[in-house]
Number of protein chains: 2
Amino acid sequence: MAATARHDVYQAIADPTRRQILKQLAEKDASIKEIADTYSQSRTAIVKHLQVLQEAQLVRDRKEGRAKIYSLQPAQLMEVKEWVSFFEQYWDNKLGNLKNLVEEE
Amino acid sequence: MAATARHDVYQAIADPTRRQILKQLAEKDASIKEIADTYSQSRTAIVKHLQVLQEAQLVRDRKEGRAKIYSLQPAQLMEVKEWVSFFEQYWDNKLGNLKNLVEEE
DNA sequence: TATATATGAAACCAAAAGGTGTTATAAAAG
DNA sequence: CTTTTATAACACCTTTTGGTTTCATATATA
């Protein structure tokens, strides 16, 4: 979770807490406090998760007074979508083959 | 990479080597040796990656003589596809807003 | 049978991940 | 001005990751 290392989108979504944070931000922008209050983990831990998400460009932040507000920036998820899409032909074929098999009987 | 821990599909695809292995297996089933020869890493390292992929049910293996042949089992990737799909509405909205903005000018 | 080949398994390691708690600082409120 | 609130910055800890090397075993093949 080191902030120095470069995290890509795949690493960012590997953690369930981070996936939950993304869902939360999809509904509504939120401050660090608001996000941290949602989880049993410490605020520090949440901040680190947010840093990982930001390195992966899945969120961005803005300052509002003393609060830091995070918002969702989902564009990078397209990379994941496209990567997964490549494999669709294989599971589609699987289903297709199964369908043929069933129809032959 | 411990074989004891339970890895889910998100963790499995977080590593670039594992993603590459999946692409390789999509083209053609392969033995441990065949897979390991593709990478600069040691065979042992590749075996561990394969174990992670297997825990996530993204590959399965069969024995053929002294060789262990791995093949792709992509169904679990549907979970990822669906998770990502949820966020499509947000990046679509972004594009929609951008489109409106352009049309107003 | 002797040898080469493919895998299994163990011990070990450095670094990163994921988390904690403490202390400091900036901004808003009383 | 004092107090509260929200965040920042450290230092620290444990477990997991991703990798290594070494040795053993099972299976083909000359």
Side-chain angles (χ1 to χ4, degrees), chain A residues 1-25 28-71 76 80, chain B residues 1-25 28-71:
Chain A
M1 219 152 91
T4 51
R6 282 298 165 261
H7 294 91
D8 64 22
V9 65
Y10 295 97
Q11 289 170 265
I13 68 171
D15 184 89
T17 302
R18 286 197 291 266
R19 288 199 300 278
Q20 240 183 295
I21 292 176
L22 290 177
K23 283 243 179 189
Q24 181 179 355
L25 292 180
K28 185 175 153 304
D29 291 4
S31 70
I32 292 178
K33 181 184 170 19
E34 285 168 336
I35 299 168
D37 284 351
T38 315
Y39 306 90
S40 55
Q41 303 169 13
S42 70
R43 181 182 51 80
T44 313
I46 299 299
V47 167
K48 287 187 187 178
H49 282 309
L50 286 168
Q51 284 167 353
V52 173
L53 290 171
Q54 196 159 26
E55 281 171 35
Q57 303 191 54
L58 286 169
V59 301
R60 69 163 178 278
D61 69 88
R62 63 176 186 276
K63 214 70 199 290
E64 280 190 9
R66 65 186 157 185
K68 197 170 181 178
I69 312 292
Y70 279 87
S71 55
Q76 287 298 314
V80 179
Chain B
M1 219 150 90
T4 51
R6 281 297 165 264
H7 292 92
D8 64 22
V9 65
Y10 296 97
Q11 289 171 263
I13 66 170
D15 183 89
T17 301
R18 287 196 290 267
R19 288 199 300 278
Q20 239 184 298
I21 291 175
L22 290 177
K23 282 244 178 185
Q24 180 178 358
L25 292 180
K28 184 175 154 304
D29 292 4
S31 70
I32 292 179
K33 181 184 170 19
E34 285 168 336
I35 299 168
D37 284 352
T38 316
Y39 306 91
S40 55
Q41 302 168 14
S42 70
R43 178 183 52 82
T44 313
I46 298 299
V47 167
K48 288 187 185 177
H49 281 308
L50 285 167
Q51 283 168 353
V52 173
L53 290 171
Q54 195 158 27
E55 281 171 34
Q57 302 190 56
L58 286 170
V59 301
R60 68 163 178 278
D61 68 90
R62 63 178 188 275
K63 212 72 198 289
E64 279 188 12
R66 66 186 155 183
K68 196 170 184 178
I69 311 292
Y70 279 88
S71 55

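First the proteins, then the strands, lettered A, B, ... as listed; each starts at 1. Side chains included, hydrogens not; waters and symmetry mates left out as well; all remaining heavy atoms used. The structure presented is a predicted model; accordingly, all values stated were derived computationally and were not measured.
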>> Could you check whether the side chain of A:Arg66 and the base of D:dT5 have a donor-acceptor pair of N or O atoms closer than 3.5 Å, going by distance alone?
In response: yes

> For C:dG18, does OP1 or OP2 lie under 4.0 Å from any side-chain N or O of A:Arg18?
Replying inline: yes

> Which atom pair, heavy atoms only, marks the closest approach of B:Ile46 to B:Gln41?
Replying inline: CD1-OE1, 3.8 Å

> Whole Å only: how far is the NZ atom of B:Lys63 from the P atom of D:dT25?
Replying inline: 15 Å

> What nucleotide, of C:dT20, D:dG18, C:dA6, holds the atom closest to the side chain of B:Asp15?
Replying inline: D:dG18

> OP1 or OP2 of C:dG19 sitting under 4.0 Å from any side-chain N/O of A:His49?
Replying inline: yes

> Using a cut-off of less than 4.0 Å, is there contact between a side-chain N or O of B:Lys68 and OP1 or OP2 of C:dG8?
Replying inline: yes

> Which atoms form the tightest heavy-atom contact between B:Gln24 and B:Tyr39, and what is the distance?
Replying inline: OE1-OH, 3.3 Å

>> For A:Gly65 and A:Thr17, find the nucleotide of DNA chain C closest to each by heavy atoms; which residue's nucleotide sits nearer the 5' end?
In response: A:Thr17

>> Distance check needed: D:dA8 C1' versus A:Gln54 CD, whole Å only.
In response: 14 Å

>> I need the CD1-C1' distance between B:Ile69 and C:dT5, as an integer number of Å.
In response: 14 Å

> What are the two closest heavy atoms between B:Gln54 and B:Arg60, and how far apart are they?
Replying inline: NE2-CA, 4.0 Å

> Within the structure, does a side-chain N or O atom of A:His7 lie under 4.0 Å from either OP1 or OP2 of C:dA17?
Replying inline: yes

> For D:dT17, does either OP1 or OP2 sit under 4.0 Å from a side-chain N or O belonging to B:Gln11?
Replying inline: yes

> By side chain to side chain contact (heavy atoms under 4.5 Å, CB included), which residues pair with B:Arg43, not counting sequence neighbours?
Replying inline: B:Ile32, B:Ala36, B:Val47

>> Exactly one of B:Glu55, B:Arg18, B:Gln51 should register a side chain to side chain donor-acceptor pair (under 3.5 Å) with B:His7. Which one does?
In response: B:Glu55

> Quick one: A:Ile46 CD1 to C:dG21 P, roughly how many Å, whole number?
Replying inline: 13 Å

> Expressed in angstrom and rounded to an integer, what is the separation of A:Glu55 atom CD from C:dG18 atom P?
Replying inline: 12 Å

>> Can you say whether a donor on the side chain of A:Thr44 sits under 3.5 Å from an acceptor on the base of C:dG21, or the other way round?
In response: yes

> Taking the side chain of A:Ser31 as its heavy atoms from C-beta onward, which of D:dT7, D:dT22, D:dA11 lies nearest to it?
Replying inline: D:dT7

> Roughly how many Å is it from CD in A:Glu64 to P in D:dT7, rounded to a whole number?
Replying inline: 11 Å

> CG/A:Leu25 to CD1/A:Ile69 distance, rounded to the nearest 0.5 angstrom?
Replying inline: 10.5 Å

> In residues 32-43 of chain A, which residues come under 4.0 Å of DNA chain D by heavy atom?
Replying inline: A:Ile32, A:Lys33, A:Arg43

> Of all heavy-atom pairs between B:Asp29 and B:Glu34, which one has the smallest distance, and what is that distance?
Replying inline: O-OE1, 4.2 Å

